[in-house]
2 protein chains.
Amino acid sequence: MMSEKEQLNTEQKILEAAKKVFIDKGFDGARMQQIADEAGINKALLHYYYRSKEKLFDTIFFDAFNQFMPKIGELMMSDLPLFDKIRGFVGHYIDTLIAFPHLPVFVLYELKRRPEKIVDQLKNSGIKPRVISQFLKKEIENGTIINIEFSSLIVNMIGLCLFPYVGRPIIEGFLFDGDKEAYDLFLEKRKVLVAEFIINAIKKN
Amino acid sequence: MMSEKEQLNTEQKILEAAKKVFIDKGFDGARMQQIADEAGINKALLHYYYRSKEKLFDTIFFDAFNQFMPKIGELMMSDLPLFDKIRGFVGHYIDTLIAFPHLPVFVLYELKRRPEKIVDQLKNSGIKPRVISQFLKKEIENGTIINIEFSSLIVNMIGLCLFPYVGRPIIEGFLFDGDKEAYDLFLEKRKVLVAEFIINAIKKN
DNA sequence: GTCTATATCGGGATAGAC
DNA sequence: GTCTATCCCGATATAGAC
């Protein structure tokens with residue numbers, strides 16, 4: 001009986017392995033040999049499918065990035081009440097992070113090597129800051145929330161979601177005495193806590 | 001007339017150069033040759049002062065880390081009112097980030113390679129989570145703030161300060177259309193905005 | 001202490017058999 | 001498509017002259 005991994009074809013095995021190694025080690029830290037080992041093949045075959053390390057990396061990276069930037073465009077531009085949008089965003093974002101906890105550091109690190117390409121990707125994502133910004137202005141005029149720029153709000157939201165993941169080794173070690181289970185619980189609870197924290201911060205009265 | 005750099009002795013020049021290159025490229029991405037060039041010496045001399053790349057890196061890293069983790073122990077454990085502590089923390093933290101904007105990604109990335117050592121450093125920093133936690137409990141009992149764990153609060157605070165720096169390439173490109181000056185202004189304004197955001201989020205009524 | 005020259009090795013990439 | 005063997009460059013590290 002074949003294991004699940006053995007049922008994959010070679011290209012899929014390579015992609016799985018590359019994803020794992022690149023995300024864990026970054027481009028510079030990753031080794032083609034390790035990817036080959038992980039995929040149960042040899043180095044030469046990697047080059048047969050993807051001519052270079054760079055090419056293979058690109059495939060992985062943009063795939064990862066699209067997972068990392070959740071499909072929240074529709075959510076943000078829907079006609080849900082603002083506070084529900086915030087809850088939806090935070091919940092969805094943290095769910096993604098729980099599924100792929102190593103993605104953020106990977107993406108942020110690689111971001112320094114090629115910011116342009118990534119910004120281009122985002123611009124093609126269909127998310128329109130202007131539209132959301134207008135929506136926010138209306139809520140401010142209505143008096144539901146305090147005066148805040150969209151850029152501020154979104155940066156705050158992402159920062160609050162993200163940091164527990166990128167900073168996990170420090171926080172878990174220092175504040176949770178290395179208690180992995182306690183930290184997982186902490187992360188899970190933040191799905192609600194972060195949304196309420198944000199709403200508290202911006203709601204009038 | 002000597003430039004400022006030429007007045008430094010060799011060891012200082014090496015440390016300056018290494019700091020620059022390591023922080024910019026990370027351990028794996030950094031090249032001893034580039035460090036030597038930057039310092040205006042040759043590779044052999046690097047090894048004369050620091051036997052290996054790893055040794056040189058360690059020196060830089062722990063130095064950088066101590067800058068990155070601002071000396072906020074005293075501030076946090078002082079007898080200032082809570083909201084002033086928060087303002088002080090955010091202001092000080094963001095000032096540090098403005099001075100060393102590339103530190104966070106560097107520290108977070110390298111953190112994955114050696115979490116233990118860094119947590120040890122923190123534990124020797126003199127900051128006592130328990131003490132601050134107790135202080136927070138009192139404020140909750142007094143009714144000044146809503147019920148919140150210290151771990152949540154500090155993670156939120158750091159996350160809010162940090163993200164605009166680690167995510168700068170994306171945010172600046174996507175939300176600010178690459179306008180560097182506008183982004184610097186945005187960062188500067190956050191010194192006040194973030195503190196008030198946090199205070200709003202936790203204060204009762 | 002500082003240099004030039006070189007040893008050594010690891011890793012990405014290719015050639016070529018099957 | 002998949003393998004083994006090998007090329008070749010770049011990077012760390014060392015030897016040794018001055």
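Because only heavy atoms are used, hydrogens play no part in the values below, and waters and symmetry mates are left out as well, while side chains stay in. Note that the structure is a prediction, hence the values are computed from the model and not measured. In the text below, chain A, chain B and the rest are named by the order of the sequence lines, each starting its count at 1.
Under a 3.5 Å cut-off, the side chain of A:Lys43 and the backbone N or O of A:Ala36 do not form any donor-acceptor pair.
Under the 4.5 Å side-chain criterion, counting only non-hydrogen atoms from C-beta, B:Ile60 is not in contact with B:Lys20.
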Applying side chain to side chain donor-acceptor pair (under 3.5 Å), run through A:Gln33 and A:Asp37 and close with a yes or a no. CA-CA 6 Å; A:Gln33 184 61 60; A:Asp37 292 347; 2.9 Å; yes
Are A:Glu110 and B:Tyr109 close enough, and set up right, to give a side chain to side chain donor-acceptor pair (under 3.5 Å), and what steps lead you there? CA-CA 10 Å; A:Glu110 301 302 335; B:Tyr109 179 74; 5.7 Å; no
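Summarising the geometry, the separation between CZ on A:Phe27 and P on C:dG12 is reported as 8 Å, rounded to the nearest angstrom. Atom NZ of B:Lys13 and atom P of C:dG1 are 13 Å apart (whole Å). Put simply, CG on A:Asp28 is 18 Å from P on C:dG10, counting in whole angstrom units. Atoms CG (B:Leu46) and P (C:dT4) sit 13 Å apart, rounded to a whole Å. Spacing between atom CG of A:Asp37 and atom C1' of D:dT2 amounts to 16 Å, rounded to whole angstrom units. Atom pair A:Leu45:CG and C:dA15:P shows a separation of 16 Å (rounding to whole Å applied).
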Output side-chain donor-acceptor pairs under 3.5 Å for residues 164-176 of chain A, partner residues at least two apart or in another chain, one line each.
unit_1	atom_1	unit_2	atom_2	d
A:Arg168	NE	A:Glu172	OE1	2.6
A:Arg168	NH1	A:Asp184	OD1	3.2
A:Arg168	NH2	A:Glu172	OE1	2.9
A:Arg168	NH2	A:Asp184	OD1	3.3

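Partners of A:Asp95 according to the salt bridge (Lys or Arg N to Asp or Glu O under 4.0 Å) rule, which considers only residues two or more places apart in sequence or in another chain, are A:Lys191.
Listed candidates were D:dT2, C:dT2, C:dC3. Nearest to the side chain of B:Ile41 is C:dC3.
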Classify every nucleotide of nucleotides 4-18 of chain D by which part a protein heavy atom approaches to under 4.0 Å, writing B for the base, S for the sugar-phosphate alone and - for neither, in 5'-to-3' order. B------SBBBB---
